[in-house]
Amino acid sequence: MATQTRRRPAKKSAKKSSKKVAHAAKSRPAKRRTKAPAGKKSKLVYYFGKSKTEGRAAMKELLGGKGANLAEMTAIGLPVPPGFTITTETCAAYYEEGRQMPQGLEDQVRQHLARLEKETGKKFGDEHEPLLLSVRSGSAVSMPGMMDTVLNLGLTDAAVRGLVEATGNERFAYDAYRRLLNMFGDVVMGVDHEHFEAAFTTIKEKYGAAADTDVPAEGMKELCEAYKAVYREHVGRAFPQDPFAQLMASVEAVFRSWNTPRAVSYRRINEITGLKGTAVNIQTMVFGNMGDDSGTGVAFTRDPATGENKFYGEFLVNAQGEDVVAGIRTPQHVDEMGKWTAPGFPTIGKQVHKSLLRIKDVLEDHYKDVQDLEFTIERGTLYILQTRAGKRTAASAVKIACDMVKEKLITEQEAVLRVPPSDLTQLLLPGFSPLAKEKADVLTRGLPASPGAAVGRLAFTAEEVVERAAVGEQVLLVRKETSPEDVDGMHTAAGILTSTGGMTSHAAVVARGWGKCCVAGAGDIHIDEQNGTIKVGGRTFGRDDWISLDGSTGAVMTGQIETQEPELSGHFAKLMKWADKYRTLKVRTNADSPVDSQRAREFGAEGIGLCRTEHMFFEGERIIAMREMILAETLEAREAALAKLLPYQRDDFVGIFTAMKGLPVTVRLLDPPLHEFLPHDDQSQRELAQATGLSLETIQRRVSQLHEANPMLGHRGCRLAVTYPEILKMQVRAIVEAAITCRKNKIKSMPEIMVPLVGSAKELGLLRGHIEETIALVKKETRFGGKLDILIGTMIEVPRGALTADEVAAHAQFFSFGTNDLTQMTFGFSRDDVNTFLPDYLKHDVLEKDPFQSLDTSGVGQLVSMACQKGRAARPEIKLGICGEHGGDPASIDFCHQVGLAYVSCSPFRVPIARLAAAQAAIRNAVKPAPAKKRTAKKTTKKAATKKTTKKKVAKKTTKKAAKKTAKKVAKKVARKVAKKRPAKKTAKKTTRRRR
Ligand code: ADP
Ligand code: MG
């Protein structure tokens, strides 16, 4: 097969960042070695090879994912080129010492290099048969393409002659050398790739070569000289002829690549925090570009897009590894491998394919998960260069988890733990409506690289995407191919469209990881970045044109195609069934309309944890009545306006109670400050004057009376009801009348009346009186003799409420933690203004996460936990839940499980996520936490940590049955803690009195 070996991808990715690095490198004084910290003669390097293998897969934090798995694969007998790994701690030490190579590192590298030379029988820099090395980055969490790699290290003017001697292939040897000169110059020394490119063009012209592969050996030799000149010109000194100096400089470059802007940006976007740094893998080179009996590729043990249990991969004959990933040459599918023949080796493809399939089985059996591997074939011999858990779409994650249970590879609990809850978002995302799709004008088809539906206008650079999205535009990123420096734009874009590259190209892999719709390799599309147009099938589209992408079929369509809700059956339903089986937390939803309630119920919501009533006052006529009520200056006038609102509220409640029949609905009484309902601009105030018959002056006076300097801490929540009990009474009346109406319609409603913003027991005591009176009054008026079972409780969202929770519990049959306000008030961070400084807090690691998204367990969580204890002490049967945004955040849900809440409540869309997260929390916490050392795992990403620890814990420490038992035990414990029975009011009062 004729193949061409291209230049290494114009590591655009490396360009920007390495420029800065180059400056840094230049301005730094001659190398100093730092003193070793006292008593720290630590092991910095771990070997993997036939003679010994010191690492294991579980040592990801120390050896990085790549290094740990290279060791593991070596240990289980897979063909891995031998090498050694410098630990992530060494990288951390490098930074701690102000970017100085830690002492002792060089010695340890030399020792391990000596062992490697012995094992391979080759010498580094040798003039006869040189050992060549790659230097590869790799942190505990995979960051594909984010950091640097240098290949072919150890070539020098002398060694390259040795390589010619050893391989008898002069062209190959000089090709390898010029690649090193280019890569080392670019990645390590920050020389712009374009300078090398220009030199190459000159040589190609001289030899009349169209492609790189047409350049003969002689030309390659000349090219090496030209590259050395480029290097000398831009670096200011000659390319190092000392192989060890090359090696150490490359190691340092990898350390530096840990903190390039793109790597930092990737970690921020993916919320990867708490890592020590990158490990550095130094590995014997194998060559996929030695001729037609060599090649390279990447593969997944199962299809990463659909999850189908079918070996999936792509390969290139006579190429180096990077060529596949970079998407420069379009690779062949592994299914085609059987057809690959080489001179003197007609069955090469069949044999390699067979070996790959065997290795696939070994890997899946061993790792019990889908693996994503890199392989290289050197003169017919297969090597595995990398394996890691395969990134997959949510749909395939769910399918794979279900299939693996069926195949008895994993247990149900493990399956539940396998799917990152937030990935379910992808499944819950809309696709295109089939009808609209049928009629769609399909321009072309690319590869269905990452499923989903995306609609947007065209943007041609990552920067453009970010800029246009910032002003609210919906845009697609359209590029020939993407590179790691595009990640910000890729993340922001509605979808991604590329014209080259395969299913494993950068765009495809990254998009799948995020669940972002991506169509890759749509080769019919000609992109003119300069003019901001694409041409396809004789038609031209520009920045203002809409395009729709179907990531599930690869279709690229004109216009805005209508989207629709996804179907939640099959494997998804099965996984959710398991989740429901193992979780002990209930999941409710935050909803304030019958439509939302219905949707949430379909998603599996087991009640409404927060029904905000203020949203109900904004629609149509209601807002006028609401404003009349607020503007009223006498009780009578206010009551008259409230009477107009009553029927609306009652009908809303009837609708919601009906949608949620048989399930509890927590209704929060009016919460926002009243001025929020009034118009503030002149025009609207005039209109209001007209509508209400009041004078403009009256309105303006009232607006200014209601003005508050700090409304979030002002006259709102229960404070409103203290001043205007009639508002509370109207709302309670609406709830009770709705419940009675439902009862008459044979619909079981379970309302819970929630008083917001309580900071002292007395507030609640007073208001509870009003509520109980109103309930009794309405029952009497309507001659309703039955039982309504309406619970009265409060939101715990003011720190004082949490601190005095025992007193508050005297009046509350339930607490619902309003962690939005509780976070706001505990930190003293205004939620509306926090974004002015939060980015800096995150950047400087003052905060690890946005506390409004993920519960601050040590601070705010302490208040929650304390309030739970105090609440239970005062009222053992008290019902505890959470209704802040945190109720849909997996890490926060884990915390809620641990403090023994009865339920979490979140937006309808997040209900399935919460169900899965709750199950994971139950399974994970069913086993005692691992000893202190393991717990450092928590510091890595959530995902990685959970996967690792849970897998081990569940797999090793408990059998399926045992785990189930434990889960049940936990369930019982929680059940005991949180009495399910609704307390009769009398007993509630009794408790109250007794406690007092
Ligand atoms: P990344 O983390 O960006 O994937 P890698 O360390 O995997 O970087 O290296 C990039 C490419 O270089 C790989 O695709 C691999 O094929 C190639 N490579 C790395 N080390 C070797 C080696 N020892 N022999 C042959 N090819 C290698
Ligand atoms: Mg790799």
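Numbering starts at 1 and runs along the sequence shown. When reading the values below, keep in mind they use all heavy atoms of this one structure, side chains included, and skip hydrogens, waters and symmetry mates. All figures in this text were calculated on a predicted structure; none of them were measured in a lab. Every number for a ligand or one of its atoms is a count from 1 in the order of the listing.
No donor-acceptor contact under 3.5 angstrom links the side chains of Arg178 and Asn152, judged on distance only. Looking at Thr260 and Ser257, their side chains never bring a donor and an acceptor atom within 3.5 Å of each other. Between the side chains of Asn182 and Tyr231, no donor-acceptor pair is found at a separation under 3.5 Å.
Salt-bridge formation is detected for the pair Lys310/Asp335: a Lys NZ or Arg NE/NH1/NH2 atom is positioned less than 4.0 Å from an Asp or Glu carboxylate oxygen.
At least one N/O-N/O distance between Arg136 and ligand 1 falls below 3.5 Å. Looking at Ser137 next to ligand 1, no N or O pair under 3.5 Å apart turns up. Note: an N/O pair closer than 3.5 Å links Thr149 and ligand 1 by distance alone. Looking at ligand 1, you won't find any N or O of Leu385 less than 3.5 Å from one of its N or O atoms.
Here Leu151 has side-chain heavy atoms under 4.0 Å from ligand 1, and that is the only part of it that gets that close. Under 4.0 angstrom from ligand 1, the non-hydrogen atoms of Val286 come from both its backbone and its side chain. When non-hydrogen atoms are compared, ligand 1 lies under 4.0 Å from the side chain of Glu374 (C-beta onward) but not from its backbone. Within the 4.0 Å heavy-atom criterion, the part of Gln386 lying near ligand 1 is the side chain and not the backbone.
The closest heavy-atom contact to atom 22 (C) of ligand 1, among the options Met183, Met285, Met146, Gln320, comes from Met285.
Contact atoms of ligand 1 toward Lys66: 1 (P), 2 (O), 5 (P), 6 (O), 7 (O), 8 (O) (distance under 4.0 Å to a heavy atom of the residue).
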Please assess Gln371 against Arg302 for the test side-chain hydrogen bond (donor to acceptor under 3.5 Å, both in side chains), listing each intermediate value before the final yes or no.
CA-CA 8 Å; Gln371 295 296 299; Arg302 297 183 192 213; over 6 Å; no

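Note: Phe311 and His353 have tilted aromatic rings, judged against thresholds of 30 and 60 degrees for the angle between ring planes.
For the Mg ion (ligand 2), the nearest N, O or S atom contributed by Glu374 is named OE2.
Checking Thr149 against the Mg ion (ligand 2), every N/O/S atom stays at or beyond the 2.8 Å cut-off.
Minimum heavy-atom separation, Thr482 to Arg479: CG2-CD, 4.4 Å.
For Lys43 and Tyr46, the positive end sits near the middle of the six-membered ring, less than 6.0 Å away and at most 45° from its axis.
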